[in-house]
Trainee: 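Below is one structure. I have some questions about it.
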2 protein chains.
Amino acid sequence: MANIKDVAKAAGVSTSTVSRTINNSPSISLATKERIFSVMKELNYSPNMIAKSLTNNKSYTVTLIVDVEDEKSYQNPFFYEIMHGIERHVYRKEYSLIVANLSSTQKNQSVIEWLIKGKRTDGVILPASILSSAMIEILRKYNIPFVAIGEPVGLKESVSWVDVDNKKGTENAMYYLFEKGYRNIGFLGLNKTQLFSRKRLEGYKSALSDEQHEIDNDFIRECMNTKKEGYQHMIDLLQRDHRPDAIICADSHIAFGAIKACGELHLRIPEDIGIISYDNSQLAEISDPEITTVYVDVFELGLQSAKQLFELIEDPQKIDQGLLISTSIKVRETA
Amino acid sequence: MANIKDVAKAAGVSTSTVSRTINNSPSISLATKERIFSVMKELNYSPNMIAKSLTNNKSYTVTLIVDVEDEKSYQNPFFYEIMHGIERHVYRKEYSLIVANLSSTQKNQSVIEWLIKGKRTDGVILPASILSSAMIEILRKYNIPFVAIGEPVGLKESVSWVDVDNKKGTENAMYYLFEKGYRNIGFLGLNKTQLFSRKRLEGYKSALSDEQHEIDNDFIRECMNTKKEGYQHMIDLLQRDHRPDAIICADSHIAFGAIKACGELHLRIPEDIGIISYDNSQLAEISDPEITTVYVDVFELGLQSAKQLFELIEDPQKIDQGLLISTSIKVRETA
DNA sequence: TAAGTTCATGCAATCGGTTGCGTTATCGCT
DNA sequence: AGCGATAACGCAACCGATTGCATGAACTTA
C-alpha cells in the first residue's frame with residue numbers, strides 16, 4: 001500500500017510537502033496541492049494512522065469501559081444504544097472506539113492502565129460504578145481525560161459526567177398521571193444504595209408537594225428490580241384499605257410483577273390502576289398491556305458523553321461538569 | 001512516561017538489549033535480563049504499542065462490526081454477550097477490540113476501508129448480514145483476515161464463520177418435547193428469507209421423520225418475529241380440529257404472543273400446551289409462565305469467532321472453515 | 001598459542017509520518 | 001541595480017520501538 005514517500009516521489013515533491021498538504025498547511029501553493037491530491041487518489045493513498053499516532057503522540061482512539069458485573073449494563077439493550085451514540089461522535093472525530101470490560105467488584109483497573117501505558121487510548125468513558133478513587137488517581141496520574149456515565153456519588157474529586165435526569169423524569173411522570181386523573185400514586189422500587197433510584201424518589205416527592213399532596217410513606221416501597229418483588233409489594237399495596245390508583249415503577253421488571261398482581265386481583269389497567277415504568281423498550285412493548293414509560297434517549301446520552309470527552313481532549317483546561325439528559329413520556333397502554 | 005531509551009540508559013545497556021529482553025530473545029544473559037526487568041519496574045515502563053505497531057506492521061487491534069440496521073443485534077442482549085466473548089479472547093491475546101457500526105442496507109463499507117487503510121486493524125469480525133461480495137473483495141484486497149458471525153449464504157467465496165447449530169438445537173427441543181409426552185408439535189415463526197429460520201425448520205422436520213411422525217404443513221407457520229403475529233397464528237392453530245399440543249417458537253416475541261393466545265383460550269401451560277422458544281434470557285425469565293428455551297451460549301459464540309480470527313491472523317495459510325456452536329435446553333415453566 | 005566458535009551486546013537503518021529551520025526564487029520598492 | 005520581504009518548498013531530526021549485521025571478549029580445540 002502506498003505511503004507518503006510514494007506519493008512524494010510520484011508528485012515530484014518532498015514528503016514534507018505532502019504532509020503539509022494533507023494537514024492543510026497554508027504555505028503550499030494551490031497548484032502543487034492539487035497535483036498531490038490527484039496523485040493520492042491515483043495511488044489510493046491513506047495516511048498510516050499508526051505513524052501519525054507516533055509523531056503526534058495521540059492514539060486517535062477512545063475507550064469505553066463496560067462493567068461486566070453490572071447486570072444492568074450487561075444484559076440491557078441500553079448498553080448498545082449508549083455505545084452506538086458514543087460511536088457516532090467518535091467516528092465523526094475520526095477516532096476509533098475501543099471497548100474493554102472491567103469488573104467493578106474486583107477493583108481491577110489493569111485493563112485501563114494497560115491501555116493507557118501502552119499509549120493505546122486518548123480518553124475514557126466509563127460507568128460511574130467503576131469510578132473509584134483509585135481509578136481516578138490512575139487516570140489523573142497519566143493525564144487521561146474521562147467522562148462518567150451516571151452521576152458519581154461520594155467523590156471528593158470533581159469529574160465530568162452525564163446522566164439521565166431521573167428526578168425531572170419522575171416529576172413529569174407524576175404530572176402526567178395527575179393530568180390523567182390519578183390521585184393516589186405509589187412508588188415501587190426504591191433502592192437506597194443507588195443514586196438513580198433516590199433521584200427518582202426525589203422527583204416523586206417533589207411532584208407530590210408541588211401538587212399539595214401528602215406523602216404517604218407506605219406508598220413508597222423499597223424493593224429489588226425483580227418481577228417477584230414487584231409482584232409481592234403490589235399485592236400488598238393493593239390489599240390496603242386505602243390503595244393507590246397509580247404506580248411509578250423504578251424498573252420494567254417490577255412493572256411486570258405489578259401487572260401480574262393487578263391481573264390476579266382483577267383490577268383493570270389503566271382504568272383501575274395506572275402504571276408508569278422506566279424505559280426498556282423491549283420489555284415495555286412485549287408486556288400485555290404494553291407499559292407506558294419514562295423514555296430515556298440513551299443514544300443521546302452516549303453521544304453527549306463522547307462530546308464531553310472530546311472537549312476535554314481538545315482543551316485540557318476545560319473544567320469538569322455534569323450534564324443531565326432530559327426524558328419524555330412514552331405513552332403506551334398502562335397509563 | 002519512561003521509554004525504551006530511559007530504560008536502556010538506566011540499565012547501562014543499549015536499546016537493542018532492552019528490546020531483546022522484552023521480546024524474550026535467547027541471546028541476552030540472564031544477569032542483564034534481570035537487571036533490565038528490575039529497571040523496568042522501577043521506571044514503571046511499558047512498551048509504547050504505537051511504536052511497536054509501526055515497526056511490526058501490526059495494529060494489535062481487531063474490529064467488531066455491528067449491523068445497526070439489524071434490530072436483532074441492535075436491541076438484543078445477545079449482542080453484548082457476543083462482544084463480551086470476543087473481548088475475552090482478544091484481550092488474552094493482548095490485542096484491543098474496536099467496535100464500528102455499519103449498516104447492511106446502505107452497503108456502506110467505508111468504515112471498514114477507512115480502518116484498514118489507516119492500518120488501524122488486523123482483523124475483522126462481522127455479521128454475515130454485512131458480508132456482501134463487495135465487502136469480501138475489499139477485505140481480500142487488503143489481505144485482512146475476517147470471520148463472519150452467522151453462516152453466510154449464497155457466497156461463491158469460502159469464508160470462516162461461526163454460527164449457532166440451529167438445526168440440532170431444534171432437533172433437541174423436539175426430542176425433549178417428545179420425551180415429555182407431547183405428540184403434535186407445531187413450528188411457529190418460519191421466515192424463509194433467513195437462514196437460521198430455515199435451519200430451525202430443518203431440525204423440526206428431521207426430528208419428526210426420525211420419530212416416524214408425519215409432517216403436517218399447516219403446523220408450520222410463517223410469521224414475523226412479533227408478539228402480534230405469534231398471537232394470531234397461535235389462535236388460528238388452536239382453533240383447528242386437530243390442534244397442536246406443543247409449539248416451537250423461532251423467537252421469544254412470538255412465544256409471548258402464543259402464551260397470550262393460550263391464556264385467552266383457557267389452555268394451561270404446560271399441561272395442555274407446551275412451548276419452547278429460542279433463548280433471550282431476559283424475555284424468557286420475565287414471561288409468566290417463564291419460557292423454556294433452546295439456550296445458546298453466545299459468549300462462547302463470540303469467543304470462538306475471535307479464536308478463529310486469530311488463527312487466521314497468526315497463520316495466513318489457514319483455510320477458512322465454519323463452526324457450529326451447540327445448544328442446550330433451558331428448562332423453565334412452559335415445557 | 002593461534003585460529004575458530006560461541007556468546008552477549010552495540011550500531012545504525014528502518015517503519016511512516018511531522019516540523020523547525022534553512023534555502024531558493026520571485027516580487028516589490030527605492 | 002540592489003535590497004529586504006515573502007512565498008513555496010526541501011533537509012534532516014525525531015517519535016519509540018525492532019533487527020540484520022558487526023564487534024569484542026571469552027572459550028575451545030588442535
Side-chain angles (χ1 to χ4, degrees), chain A residues 1-37 39-40 43-61 94 114-122 142, chain B residues 1-37 39-40 43-61 94-95 114-122 142-143:
Chain A
M1 217 152 41
N3 63 25
I4 200 173
K5 278 184 199 160
D6 301 326
V7 174
K9 200 168 298 173
V13 294
S14 72
T15 62
S16 323
T17 304
V18 177
S19 174
R20 289 192 177 100
T21 81
I22 292 171
N23 296 294
N24 197 26
S25 155
S27 69
I28 305 292
S29 75
L30 208 65
T32 53
K33 269 188 185 175
E34 278 169 0
R35 182 157 37 94
I36 288 171
F37 275 123
V39 169
M40 284 178 7
L43 299 184
N44 190 25
Y45 167 79
S46 296
N48 181 320
M49 292 309 289
I50 302 283
K52 242 181 142 91
S53 288
L54 186 58
T55 53
N56 297 348
N57 198 27
K58 296 188 207 170
S59 67
Y60 296 103
T61 285
E94 307 208 287
W114 176 71
L115 287 165
I116 294 175
K117 290 181 67 179
K119 296 265 187 193
R120 300 209 202 200
T121 196
D122 293 347
Y142 292 106
Chain B
M1 215 152 41
N3 62 24
I4 200 173
K5 279 185 199 161
D6 300 326
V7 174
K9 199 167 300 173
V13 294
S14 72
T15 61
S16 323
T17 305
V18 177
S19 173
R20 290 192 177 99
T21 80
I22 291 171
N23 296 294
N24 196 28
S25 155
S27 69
I28 304 293
S29 75
L30 209 66
T32 54
K33 270 189 184 173
E34 278 168 359
R35 182 157 38 94
I36 288 171
F37 275 123
V39 169
M40 284 179 6
L43 300 185
N44 189 26
Y45 167 80
S46 295
N48 180 320
M49 291 308 289
I50 302 282
K52 242 180 142 89
S53 288
L54 186 59
T55 52
N56 295 349
N57 198 28
K58 296 188 206 170
S59 66
Y60 296 103
T61 285
E94 307 207 287
Y95 269 56
W114 176 71
L115 287 165
I116 294 175
K117 290 181 66 180
K119 297 266 187 193
R120 301 208 201 202
T121 195
D122 292 348
Y142 293 107
N143 246 305

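In what follows, every chain begins at residue 1, and chains take the letters A, B, ... in the order their sequences are listed.
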Trainee: For Lys117(B) and dG17(C), give me the distance from atom NZ to atom P, rounded to whole Å.
Mentor: 12 Å

Trainee: Among side-chain atoms of Ser14(B) and Thr17(B), is any donor-acceptor pair under 3.5 angstrom?
Mentor: yes

Trainee: Kindly point out which of dT18(D), dT18(C), dG16(D) is positioned nearest to the side chain of Asn3(B)?
Mentor: dG16(D)

Trainee: Would you mind classifying the nucleic acid contact of Asn57(B) as base, sugar-phosphate or nothing, using non-hydrogen atoms under 4.0 angstrom?
Mentor: nothing

Trainee: Choosing from dG16(D), dT18(D), dT18(C), which nucleotide comes nearest the side chain of Asn56(A)?
Mentor: dT18(C)

Trainee: Does the side chain of Lys52(A) get closer than 4.0 angstrom to OP1 or OP2 of dG16(C) through an N or O atom?
Mentor: no

Trainee: Figure out the CD1/P separation between Ile4(B) and dC14(D), and round it to whole Å.
Mentor: 17 Å

Trainee: Round to a whole Å and report the spacing from NZ of Lys9(B) to P of dT9(C).
Mentor: 19 Å

Trainee: Hey, does Gly12(B) reach any base, or is it just sugar-phosphate, or nothing, if we go heavy atoms under 4.0 Å?
Mentor: sugar-phosphate

Trainee: Taking atom NZ as the centre, does Lys9(B) end up with more than 12 heavy-atom neighbours from other residues, nucleotides or ligands that are less than 6.0 angstrom away?
Mentor: no

Trainee: Between the main-chain N or O of Ala8(A) and the side-chain N or O of Thr15(A), is there a donor-acceptor pair closer than 3.5 Å?
Mentor: no

Trainee: With a 4.0 Å cutoff (strictly under), does any side-chain N or O of Thr15(B) reach OP1 or OP2 of dA17(D)?
Mentor: no

Trainee: What's the separation between atom OG1 in Thr61(A) and atom CD1 in Ile50(B), rounded to the nearest 0.5 Å?
Mentor: 7.0 Å

Trainee: Using a 4.0 Å heavy-atom cut-off across all strands, classify Val13(B) as base, sugar-phosphate, or nothing.
Mentor: sugar-phosphate

Trainee: When you measure from the side chain of Lys33(A) to the backbone N and O of Ser25(A), does any donor-acceptor pair fall under 3.5 Å?
Mentor: yes

Trainee: Among the candidates dT18(C), dC11(C), dC11(D), find the nucleotide nearest to the side-chain atoms of Arg20(B).
Mentor: dC11(C)

Trainee: Could you work out which one of dC11(C), dG16(D), dG16(C) sits closest to the side chain of Thr55(A)?
Mentor: dG16(C)

Trainee: Using a cut-off of strictly less than 4.0 Å, decide whether Thr32(B) has a side-chain nitrogen or oxygen near OP1 or OP2 of dT9(C).
Mentor: yes

Trainee: Of Leu54(B) and Leu30(B), whose closest DNA chain C nucleotide lies nearer the 5' terminus?
Mentor: Leu30(B)

Trainee: CG of Asn23(B) versus C1' of dG16(D): gap in Å, rounded?
Mentor: 13 Å

Trainee: Report which part of the nucleic acid Lys5(B) touches: base, sugar-phosphate, or nothing (heavy-atom distance under 4.0 Å, all strands).
Mentor: sugar-phosphate

Trainee: Given atom CZ of Arg120(B) and atom P of dG17(C), what is their separation to the nearest angstrom?
Mentor: 13 Å

Trainee: Which nucleotide, dT18(C), dT9(C), dG17(C), lies nearest any side-chain atom of Ala51(A)?
Mentor: dG17(C)

Trainee: Between C1' on dA8(C) and CD on Glu34(B), what's the gap in Å once rounded to a whole number?
Mentor: 15 Å

Trainee: Backbone N or O of Lys58(B) within a donor-acceptor pair of the Asn56(B) side chain at under 3.5 Å?
Mentor: no

Trainee: Rounded to whole angstroms, how far apart are CE on Met40(A) and C1' on dG16(C)?
Mentor: 15 Å

Trainee: Check whether Arg35(A) reaches the backbone of Ala11(A) with its side chain - one donor and one acceptor, N or O, closer than 3.5 Å.
Mentor: yes

Trainee: Is the distance from OP1 or OP2 of dT9(C) to the nearest side-chain N or O of Ser29(B) less than 4.0 Å?
Mentor: yes

Trainee: Measuring from the side chain of Asn48(A) (C-beta onward, heavy atoms only), which nucleotide among dG16(C), dT9(C), dT19(D) has the closest atom?
Mentor: dG16(C)

Trainee: Indicate, with a heavy-atom threshold strictly under 4.0 Å, whether Ser53(A) touches base, sugar-phosphate, or nothing.
Mentor: nothing

Trainee: Does a side-chain N or O of Tyr60(A) approach OP1 or OP2 of dG17(C) to a distance below 4.0 Å, or not?
Mentor: no

Trainee: The side chain of Ser19(A) is closest to which nucleotide in this list: dG16(C), dT19(C), dG10(C)?
Mentor: dT19(C)

Trainee: Considering only heavy atoms and no angle criterion, is a donor-acceptor pair shorter than 3.5 Å present between the side chain of Ser16(B) and the base of dC11(C)?
Mentor: yes

Trainee: Rounded to the nearest Å, what distance is computed from the OH atom of residue Tyr45(B) to the C1' atom of nucleotide dG16(D)?
Mentor: 8 Å

Trainee: Are any of Lys58(B)'s side-chain N or O atoms less than 4.0 Å away from OP1 or OP2 of dC15(C)?
Mentor: no

